[in-house]
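Remarks on the structure that follows.
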Amino acid sequence: MGVPERPTPLLLLSFLLISLGLPVLCAPPRLICDSRVLERYILEAKEAENVTMGCAEGPRLSENITVPDTKVNFYAWKRMEVEEQAIEVWQGLSLLSEAILQAQALLVNSSQPPETLQLHIDKAISGLRSLTSLLRVLGAQKELMSLPDTTPPAPLRTLTVDTFCKLFRVYANFLRGKLKLYTGEACRRGDR
């Protein structure tokens, strides 16, 4: 059995900046290509989902929230250009960020918000900000801007959720589905 690999000081510094929600401008462009980075966010999302599953699908939202559909047609995904994948991921991440912020507002306005739920909402907001920054470094936002005006992006498929558990399930599924697929392909191409 080998000795576990130790994270580099730059990776640890980047994690610290990312967890504070600060843009990581000095981060190497390949930071998101390090599988440990994305796996950390996936783990946080799964923990939040597990915490909220406790009592019959967990705490309910006082109104439905629109989130991106996380289903992936792998055949269609493989046939998409990396630019199209970037657009779908960028739109999904934006909608997910709006959804988490909306859930935070609903939680603040509720009587006696559970402390652990607030903690997971805060972590999700910080994580989504960090992932957005990392995707910018990878060039995902440029893909959206570089589309010719004659070819608007396909409308993002959405669904609604009514519990925090479902919201965190969508968050976790989006990260380990479309986001992981896109970053894997973009990192393999090495042209970002």
Residues that Ala48 engages under side-chain contact (heavy atoms from CB on, under 4.5 Å), provided they are two or more places apart: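 In terms of side-chain contact (heavy atoms from CB on, under 4.5 Å), with neighbours along the sequence ignored, Ala48 is linked to His120, Phe168.
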
Where is the tightest heavy-atom contact between [X] and [Y], given as atom of each residue plus distance?
X: Phe174; Y: Val89; result: CZ-O, 3.5 Å
X: Leu135; Y: Trp90; result: CB-CZ3, 3.9 Å
X: Ser97; Y: Leu128; result: OG-CB, 3.6 Å
X: Asn173; Y: Thr70; result: CB-OG1, 3.7 Å
X: Glu49; Y: Lys46; result: OE1-NZ, 2.9 Å
X: Thr183; Y: Leu38; result: OG1-CD2, 3.8 Å

Are any non-hydrogen side-chain atoms of [X] and [Y] less than 4.5 angstrom apart?
X: Val170; Y: Val161; result: yes
X: Pro68; Y: Leu95; result: yes
X: Asn50; Y: Glu47; result: no
X: Tyr182; Y: Val82; result: yes
X: Leu93; Y: Thr132; result: yes

Applying the 4.5 Å side-chain criterion to the ILVMFWY set and letting contacts propagate, would [X] and [Y] be lumped into a single cluster?
X: Met80; Y: Tyr75; answer: no
X: Tyr171; Y: Leu119; answer: no
X: Leu167; Y: Leu117; answer: yes
X: Ile42; Y: Leu96; answer: yes
X: Leu175; Y: Leu156; answer: no

Measuring from [X]:[atom1] to [Y]:[atom2], what's the distance to the nearest 0.5 Å?
X: Leu101; Y: Ile121; atom1: CG; atom2: CD1; answer: 9.0 Å
X: Glu98; Y: Ile65; atom1: CD; atom2: CD1; answer: 11.0 Å
X: Leu134; Y: Leu179; atom1: CG; atom2: CG; answer: 9.5 Å
X: Phe164; Y: Leu61; atom1: CZ; atom2: CG; answer: 4.5 Å
X: Leu43; Y: Arg36; atom1: CG; atom2: CZ; answer: 14.5 Å
X: Ser62; Y: Leu107; atom1: OG; atom2: CG; answer: 9.5 Å

Short side-chain to backbone donor-acceptor contact, [X] and [Y], under 3.5 Å:
X: Ser126; Y: Asp122; value: no
X: Glu84; Y: Glu81; value: yes
X: Gln85; Y: Trp77; value: yes

Between Val72 and Leu181, is the side-chain contact (heavy atoms from CB on, under 4.5 Å) condition met? List the steps. CA-CA 10 Å; Val72 178; Leu181 286 169; 3.8 Å; yes

Return the set of residues passing salt bridge (Lys or Arg N to Asp or Glu O under 4.0 Å) with Glu39 (not counting sequence neighbours), or none when no residue passes.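 Scan of Glu39 (salt bridge (Lys or Arg N to Asp or Glu O under 4.0 Å), adjacent residues dropped) gives Lys180.
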
Using the salt bridge (charged side-chain N to carboxylate O under 4.0 Å, His left out) rule, collect all pairs that involve residues 61-80, keeping only residues at least two apart or in two chains.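 Applying salt bridge (charged side-chain N to carboxylate O under 4.0 Å, His left out) to every pair that reaches into residues 61-80, excluding sequence neighbours, yields Asp69-Arg157.
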
